[in-house]
Amino acid sequence: MSEIFKNIPKIQYEGASTKNPLAFRYYDADRVIMGKKMSEHLPFAMAWWHNLCAAGTDMFGRDTADKSFATEKGTMAHAKAKVDAGFEFMQKLGIQYFCFHDVDIVPEADDINETNRRLDEITDYILEKMKGTDIKCLWGTANMFSNPRFMNGAGSTNSVDVYCFAAAQIKKALELTVKLGGRGYVFWGGREGYETLLNTDVKFEQENIASLMRMAVEYGRSIGFTGDFYIEPKPKEPMKHQYDFDAATAIGFLRQYGLDKDFKMNIEANHATLAGHTFRHELRISAINGMLGSIDANQGDYLLGWDTDEFPYDVYESTMCMYEVLKAGGLTGGFNFDAKNRRPSNTYEDMFHAYILGMDTFALGLIKAAELIEDGELDAFVEKKYESFNGELGQKIRAGKTTLAELADRAAQMRTCPVPASGRQEYLEGVVNRIMFG
């Protein structure tokens, strides 16, 4: 097999002062941070769909990048060329994981049986490529949003035949995930929602989605899948309102339908901001509920109201992300770069620049988050903020051993209105700046 990314060397760590655009400035895989190698804290993954498939098309224009890899698109030869390109790309960057949808890795046929045969063929090829490398599958999923049959949803569809088709895709994608040793399986409900309530039975649709997920868990466990199932929340786009609006909504859904023991969250930064939250908010909500599983590492543009899937470059955001991840004890999944080059960044070299940017951004975020934790000032302040609950009455409240009447009697004995201590937000933001830039 000839080299695809010619003139691109294996990317090495050269330190912050390097001027080499094809080198890491902060991502040093073997550097130990808080007792673990950086590569262990940051299990990076390549998103098959964006990196090997997306070619710059948008609603106003056609492809700007050549992702044919010297083969005819829509063929199995092209599918194999993408595998070759992907493995060369990952090896040159030192990336150890990949993520995929079923239709990313093969062209979909009109007959699902032929599609499945192609999937078997390409995953055999992927397995051969994995031999002798440390590259593994982070998670798999089925694309149940692109094909016109899913215009009214997959699990939420009004057609029992479409529902069966969705079940068939999930079944096969689970088999492929197990075959490739995937650590997780993702549900992103791109069409699981509605455009108008005038034609929608929300309860009916949500019950059907839950049933489909329950069947997926049962089948996955029956074929030896031991990893986590993930929900990836997103509030809108492509549907006007999607049922997995944010982490809190998705967690409530899972608990309502008894799915919470098998599922965790796959949090995407850009989806968090579309829901009106910060990235770290979604991570914190997932973590305190024991459901922080994996991360789609990207960012959006605050001036644009859609999912721009940009490569992460905001070190402040990545620091706050890694602060939440470290405080939660790490991820069961990893950091998948669900991100794409900007439309005018259309060369092979640009693909490498983008991943170097993303990996360095999270590496620097990890370094600074560890410094924040080791500094201890934020933790100390939060502990002191709630210290009034350390007394006897506070402990009774926390333990659920008091009554409304008892607390009202305490208030009646007060002669002045109580005043809580200052939150000192600006001071704490200064602490973060001291660590970030001091």
Side-chain angles (χ1 to χ4, degrees), residues 101-103 112 139-175 177 184-223 225 227-268 271-272 274-277 282 285-286 289-294:
H101 300 81
D102 46 5
V103 299
I112 191 172
W139 53 254
T141 187
N143 179 323
M144 298 187 296
F145 48 88
S146 293
N147 193 291
R149 65 177 166 268
F150 295 126
M151 63 183 178
N152 291 323
S156 60
T157 183
N158 59 315
S159 165
V160 71
D161 289 337
V162 172
Y163 193 88
C164 291
F165 214 105
Q169 278 192 244
I170 293 169
K171 177 178 179 290
K172 188 63 178 179
L174 274 167
E175 292 167 355
T177 301
Y185 184 87
V186 170
F187 282 86
W188 176 60
R191 302 284 180 186
E192 314 295 26
Y194 60 81
E195 300 292 348
T196 174
L197 287 171
L198 294 174
N199 62 10
T200 304
D201 185 333
V202 172
K203 185 172 185 292
F204 177 91
E205 293 190 356
Q206 291 193 339
E207 287 174 347
N208 276 2
I209 294 167
S211 293
L212 191 60
M213 289 180 171
R214 190 174 297 111
M215 288 185 281
V217 170
E218 291 170 355
Y219 184 73
R221 299 305 183 213
S222 76
I223 62 171
F225 178 66
D228 291 319
F229 290 86
Y230 299 126
I231 284 184
E232 183 176 323
K234 188 179 183 183
K236 58 185 177 181
E237 194 197 54
M239 300 299 272
K240 178 179 178 180
H241 179 94
Q242 292 176 196
Y243 293 135
D244 299 329
F245 186 92
D246 60 7
T249 304
I251 290 166
F253 170 86
L254 293 173
R255 288 179 173 160
Q256 179 180 358
Y257 292 105
L259 294 163
D260 49 305
K261 299 298 185 293
D262 292 283
F263 276 82
K264 287 183 168 62
M265 296 294 109
N266 182 60
I267 297 298
E268 178 175 319
H271 294 179
L274 288 176
H277 302 309
E282 291 290 87
I285 295 302
S286 301
N289 285 281
M291 291 192 184
L292 178 55
S294 201

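- You'll find the side chain of Leu274 reaches within 4.5 Å of the side chain of Lys234, heavy atoms only.
- Between the side chain of Glu192 and the main chain of Gly155, a donor-acceptor pair closer than 3.5 Å is present.
- Remark: Ser286 engages Ala247, Met265, Ile267, Leu292 in a side-chain contact (heavy atoms from CB on, under 4.5 Å) (not counting sequence neighbours).
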Can you give the donor-acceptor pairs under 3.5 Å from side chains of residues 168-175 to other protein atoms, not counting sequence neighbours?
unit_1: Gln169; atom_1: OE1; unit_2: Arg149; atom_2: NH2; d: 2.9
unit_1: Gln169; atom_1: NE2; unit_2: Asp102; atom_2: OD2; d: 2.8
unit_1: Gln169; atom_1: NE2; unit_2: Asn143; atom_2: O; d: 3.1
unit_1: Lys171; atom_1: NZ; unit_2: Glu175; atom_2: OE2; d: 2.8
unit_1: Lys172; atom_1: NZ; unit_2: Asp120; atom_2: OD1; d: 2.6
unit_1: Lys172; atom_1: NZ; unit_2: Asp120; atom_2: OD2; d: 3.3
unit_1: Glu175; atom_1: OE2; unit_2: Tyr219; atom_2: OH; d: 2.5

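- The closest donor-acceptor contact from the side chain of Glu232 to the backbone of Asn266 lies at 3.5 Å or more, if one exists at all.
- Summarising the geometry of Ala166 relative to Ala154, their closest heavy-atom pair is CB-CB, 3.9 Å, with the distance given to 0.1 Å.
- Looking at Phe187 and Ile209, their side chains never come closer than 4.5 Å, going by heavy atoms from C-beta outward.
- Taking CE from Met151 and OG1 from Thr157, the interatomic distance works out to 8.5 Å, rounded to the nearest 0.5 Å.
- Thr200 places no side-chain N or O within 3.5 Å of a backbone atom of Val202 that could act as its donor or acceptor partner.
- Heavy-atom minimum distance, Met239 versus Arg191: CG-CA, 3.6 Å.
- Rounded to the nearest 0.5 Å, atoms CZ (Arg214) and CD (Glu218) are 7.5 Å apart.
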Test log, rule side-chain contact (heavy atoms from CB on, under 4.5 Å), inputs Tyr230 and Trp139: CA-CA 9 Å; Tyr230 299 126; Trp139 53 254; 4.3 Å; yes
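- Other residues, nucleotides and ligands contribute more than 12 heavy atoms inside 6.0 Å of the CE atom of Met215.
- Side-chain contact check for Met291 versus Leu254: some heavy-atom pair is nearer than 4.5 Å.
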Side chain to side chain donor-acceptor pair (under 3.5 Å) between Ser211 and Asn208, worked out: CA-CA 5 Å; Ser211 293; Asn208 276 2; 5.0 Å; no
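- Evaluation of the salt bridge (Lys or Arg N to Asp or Glu O under 4.0 Å) rule for Arg221 yields Asp262 as partners, not counting sequence neighbours.
- The minimum heavy-atom distance linking Thr196 with Asn199 is given by the pair O-OD1, 3.0 Å.
- To the nearest 0.5 Å, atoms CG (Leu259) and CD1 (Ile251) are separated by 13.0 Å.
- Under the ring pair (Phe, Tyr, Trp, His ring centres under 6.0 Å) criterion, the residue pairs touching residues 234-258 are Tyr194-His241, His241-Phe245, Phe253-Tyr257, with sequence neighbours excluded.
- Minimum heavy-atom separation, Phe225 to Tyr185: CZ-N, 3.7 Å.
- From His271, atom NE2 reaches atom CD of Gln242 across 8.0 Å, with rounding to the nearest 0.5 Å.
- Remark: Met144 CE to Ser156 OG distance equals 9.5 Å, nearest 0.5 Å.
- Expressed to the nearest 0.5 Å, how far CG of Asn158 lies from CG of Asn152 amounts to 4.5 Å.
- Residues passing the salt bridge (Lys or Arg N to Asp or Glu O under 4.0 Å) test with Lys264, sequence neighbours excluded: Asp228.
- Applying the ring pair (Phe, Tyr, Trp, His ring centres under 6.0 Å) test to every pair with at least one member in residues 141-168, sequence neighbours left out, gives these pairs: His101-Phe145, Phe145-Trp188.
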